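These notes are about the structure you will find just below.
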Amino acid sequence: MREQYIPQEIERKWQKFWEENNIYHTPNESDKPKYYALSMFPYPSGRLHMGHVRNYTITDVIARFKKLKGFNVLHPMGWDSFGLPAENAAIQSGRNPADWTLSNIDYMRDQLKTLGLSYDWNREIATCKPDYYKWTQWLFLEFYKAGLAYKKEAGVNWCPGCATVLANEQVEEGLCWRCSDTVEKKKLSQWFLKITDYAEQLLQDLDKLQGWPEKVKLMQKNWIGKSYGTVLKFKVAELDNIEIPVFTTRPDTVFGVTYLAIAPEYPLIDQLITEENKDKVYDYVENAKRMSEIDRASTEREKTGIPLGTHVINPLNGQKVPLWTGDYVLVEYGTGAVMGVPAHDVRDFDFAKKYELPIVEVIKDPNKKEEAPLSEAYIEPGIMVNSGEFTDLESEIGKQKITQWAEQNDVGYGQVQYRLRDWLISRQRYWGAPIPIIYCDECGIVPVPDDQLPVLLPEDVDFKVQGKSPIATSQTFVNTTCPKCNKPAKRETDTMDTFICSSWYYLRYIDPQNDQKVFNSNLVNHWMNVDQYVGGVEHAILHLLYSRFFVKVLRDRGLLNFDEPFENLLTQGMVLKDGAKMSKSKGNTVDPDEIFQNYGADTARLFILSDSPPERDLDWSDTGVEGCYKFLHRVWRLVKNTHENLIFNYQDLNPASLAKENSDLLRETHKAVKRITLDISNEFQFNTAVSKCREFVNYIYDYVNKKETYSDEDKNVLSKAILTLIKLMSPIVPHMAEEIWHELGGEGSIHLTNWPEYDDSLAISEEIPIIVQINGKVREKLTMPVNSTNENIEATAKANPKVQSYIQDKQIVKVIVVPNRLINIVVK
RNA sequence: GCCCUGGUGGCGGAAUCGGUAGACGCGCCGGACUUAAAAUCCGGUUGGGCUCAAACCCAGUGCCAGUUCAAGUCUGGCCCAGGGCACCA
């Protein structure tokens with residue numbers, strides 16, 4: 001065995017060995033129970049960053065652990081390889097996006113191999129390859145056939161930076177999620193997926209996801225945004241046949257309506273303006289439309305509006321109130337119109353104050369006695385006043401009564417409303433899966449027949465074109481014939497949002513080479529759900545919501561038989577440096593390649609797991625890395641120095657017959673197995689698992705330091721301890737474990753063996769400390785046999801001289817004994 | 001503004017059920033080895049009091065109350081930090 005631990009020598013060697021012997025290949029058929037461990041696949045941006053390293057190391061340790069525990073583990077990797085950076089690189093460097101992407105993949109695949117991850121590379125996929133996107137297109141057509149993909153003209157989010165539209169989920173505070181450019185509104189005809197049809201299921205099924213962080217479920221719940229309310233129809237006083245429906249969650253406040261406001265984009269707005277107001281209102285509407293999303297949506301900004309000149313009739317009390325348009329009313333939500341109740345809505349209150357509209361109080365705060373004008377909106381429930389026949393009702397009951405009344409009198413109805421909008425999937429970009437649709441003058445929208453898939457990306461395109469997809473510049477692509485009537489027709493030139501590609505990739509890993517079907521349903525039903533999904537919390541809504549939607553649709557199309565894709569979800573924290581997110585602009589990045597070269601992958605893996613629990617942020621620390629490197633050297637030396645006294649096929653000796661130091665070492669071995677097994681099984685507490693490895697190593701050092709020579713008994717017990725240690729560490733530092741295993745006489749691979757078992761009865765000490773408290777304060781520590789009786793503990797404690805000094809002359813009020821823990825004597 | 005999460009030494013973080021607060025590591029200090037240094041091995045390291053030293057005592061898990069024999073852990077109120085949502089009617 002080498003004097004020193006030199007990772008650069010051993011890591012490459014074992015990576016090659018593992019690959020040549022195909023030890024991470026996962027068969028579909030197996031007697032063992034299945035376990036599907038999955039990391040969120042990366043965008044091939046060029047090189048790995050520390051966030052990747054952390055993500056994949058966590059999943060790898062789980063996969064290796066489960067494999068040793070006897071599971072048939074599926075642990076695949078692939079590439080989310082469509083997307084804008086490739087195209088931008090193409091524009092800047094003149095390279096083809098495909099070349100750029102594929103060479104990045106090659107580099108990053110090497111990096112992943114250098115990290116020693118236990119992937120089954122036979123299952124690798126890349127979403128930009130035709131044999132993958134063929135099936136993305138096929139799935140789009142499934143949605144189309146189900147009536148879940150449709151095209152409509154709509155006001156959509158346009159990112160000038162990316163020169164494409166975005167889905168709602170991809171706009172963060174009015175900015176593009178990718179490039180942070182200010183998002184504009186544009187009216188365009190675009191493809192949507194009807195995710196709103198599944199709003200209720202997506203909400204309900206969150207309850208099934210016991211293995212998800214509450215935080216993520218809550219974010220999805222808020223995003224779906226279910227609310228219960230009532231639609232009330234207001235007739236326009238000046239026009240006979242027009243009604244304006246409003247959605248409200250507070251029908252109990254309808255007697256407090258003093259105006260009604262519609263969105264500036266309200267479709268019927270033209271008819272609702274009186275002649276003399278037309279110029280002013282059109283000016284206002286134009287202004288509102290020009291405003292950017294952030295300005296418009298800001299709650300800081302003062303709300304504005306303008307009266308249209310017409311009026312509406314309150315269906316409950318017949319009152320005539322003015323009709324306004326205001327930029328705080330959103331056309332996309334509810335009916336695009338709101339009833340103004342200044343007394344009981346914060347926004348309406350602001351609006352009424354500004355424009356001197358009346359404020360009519362109709363809900364009374366039951367806790368407030370004296371009459372005083374409202375200084376702010378009262379939005380809590382209360383007792384209804386000034387509300388005709390509903391006066392004196394409790395407002396929560398009033399909601400129901402008024403809704404009933406509206407239904408009986410045909411002026412409204414109860415309604416459930418969701419905040420979730422349909423998913424806009426068209427992108428005016430090249431590097432994505434083309435939407436497989438043909439437009440024919442005769443037949444209209446015609447889906448590309450299955451046998452003509454994939455619709456391949458053309459190569460004769462001008463990437464620099466603005467405002468439309470570069471694909472539109474390819475005449476060979478655009479011009480085609482209609483599959484129905486064979487007459488000349490045009491292809492759809494937009495590509496799909498890349499989130500579509502990533503909504504089903506975990507299914508394709510199961511059957512990656514199938515060229516007949518999207519996947520074999522039986523195999524998918526066998527392997528799914530993903531038992532453990534690991535990735536960043538930034539996908540809490542986007543990717544995770546879309547994937548859940550996909551699975552539900554595929555289930556309803558008969559392609560699979562489960563409701564949810566991801567059984568358990570671990571959202572790992574970020575990797576920071578000096579307390580801040582690593583970024584090139586801050587100059588605080590740490591390059592994984594450099595760490596691999598200087599310290600080896602095992603040190604990187606060990607450090608990234610040991611300093612923080614996985615879901616928390618991790619601050620990168622050079623000295624921490626150094627410490628991990630030293631620890632691995634320490635383990636190496638331990639083995640090196642005891643090497644000649646170690647027996648690979650050691651005997652399990654009868655614990656009762658062992659010398660004290662050997663039974664102690666055996667007990668520590670069982671303890672270590674128990675604690676590390678539990679730490680990894682429960683919540684993946686790798687940081688505490690690592691610290692227990694270190695404690696165990698320290699213990700063995702103590703043992704070894706006291707020995708000059710080794711008896712046969714010593715050798716067997718020490719061998720068990722050290723070989724067990726190596727196995728416990730093998731998921732975390734796979735190369736070093738493999739090397740030591742072979743040095744000690746192992747054959748094959750340590751990663752194909754079994755996780756050590758522990759015996760609970762041997763993991764317990766014979767003597768344990770018992771704390772003695774007097775009036776709750778620790779005064780003495782006793783050492784007593786495990787499982788001593790309460791009487792025994794009490795007698796021993798009372799006999800103790802120090803305890804005596806505290807209890808003599810005092811009256812004992814109470815004695816509490818917690819077995820194997822402590823005794824508390826209460827005295828007066 | 002609303003919702004969520006978290007606040008423990010110089011630092012990262014431990015602490016099944018309420019039961020020894022500070023495991024393990026980093027850093028720092030000391031000892032051994034060495035001509036010397038590095039590396040290594042061993043020991044110390046919450047603050048304060050007392051002491052030559054130890055023993056011992058007091059305080060201590062963001063702040064203030066409470067429940068309990070016993071609170072980092074439970075309850076109520078507050079402060080601070082981080083995250084999510086944000087004119088969704």
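Owing to the predicted nature of the structure, the values given are computational and were not obtained by experimental measurement. The chains referred to below are lettered A, B, ... by the order of the sequence lines, with proteins before strands, and numbering in each begins at 1. Because only heavy atoms are used, hydrogens play no part in the values below, and waters and symmetry mates are left out as well, while side chains stay in.
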[X] near the nucleic acid: base, sugar-phosphate alone, or nothing, with a heavy-atom cut-off under 4.0 Å?
X        : result
A:Glu626 : nothing
A:Ser621 : nothing
A:Val818 : base
A:Ser610 : nothing
A:Asn222 : nothing
A:Tyr806 : sugar-phosphate
A:Ile771 : base
A:Asn705 : sugar-phosphate
A:Pro769 : base
A:Asn687 : sugar-phosphate
A:Val329 : base
A:Arg821 : sugar-phosphate
A:Lys777 : sugar-phosphate
A:Arg779 : sugar-phosphate

Minimum-distance nucleotide (side-chain atoms of [X] versus [options]):
X        : options             : answer
A:Thr623 : B:A15, B:C26, B:G25 : B:C26
A:Arg634 : B:C58, B:C41, B:G25 : B:C41
A:Glu695 : B:U40, B:A86, B:C24 : B:C24

Side-chain N or O of [X] closer than 4.0 Å to phosphate OP1/OP2 of [N]:
X        : N     : value
A:Asn698 : B:G25 : yes
A:Arg694 : B:A23 : no
A:Gln773 : B:G18 : no

Quick one: [X] [atom1] to [N] [atom2], roughly how many Å, whole number?
X        : N     : atom1 : atom2 : answer
A:Glu538 : B:G84 : CD    : C1'   : 13 Å
A:Phe686 : B:G13 : CZ    : C1'   : 17 Å
A:Glu668 : B:A23 : CD    : P     : 17 Å
A:Lys640 : B:A39 : NZ    : P     : 21 Å
A:Gln220 : B:G83 : CD    : P     : 21 Å
A:Asp619 : B:C11 : CG    : P     : 13 Å

Self-check item: Comparing A:Thr688 and A:Glu780 on RNA chain B - which has the more 5′ nearest nucleotide
Solution: A:Thr688

Exercise. Please work out which of the three classes, parallel, tilted or perpendicular, describes the rings of A:Phe686 and A:Phe684, given edges at 30° and 60°.
Key: parallel

Quiz item: B:G9 and B:C29: how far apart are their P atoms, nearest whole angstrom?
Solution: 22 Å

Exercise. Return the nucleotide paired to B:U5: Watson-Crick means purine N1 to pyrimidine N3 with N6-O4 or O6-N4, wobble means G-U with N1-O2 and O6-N3, both under 3.5 Å.
Key: B:A81

Quiz prompt | Ring centre gap for A:His633 and A:Tyr5 strictly below 6.0 Å | solution = yes

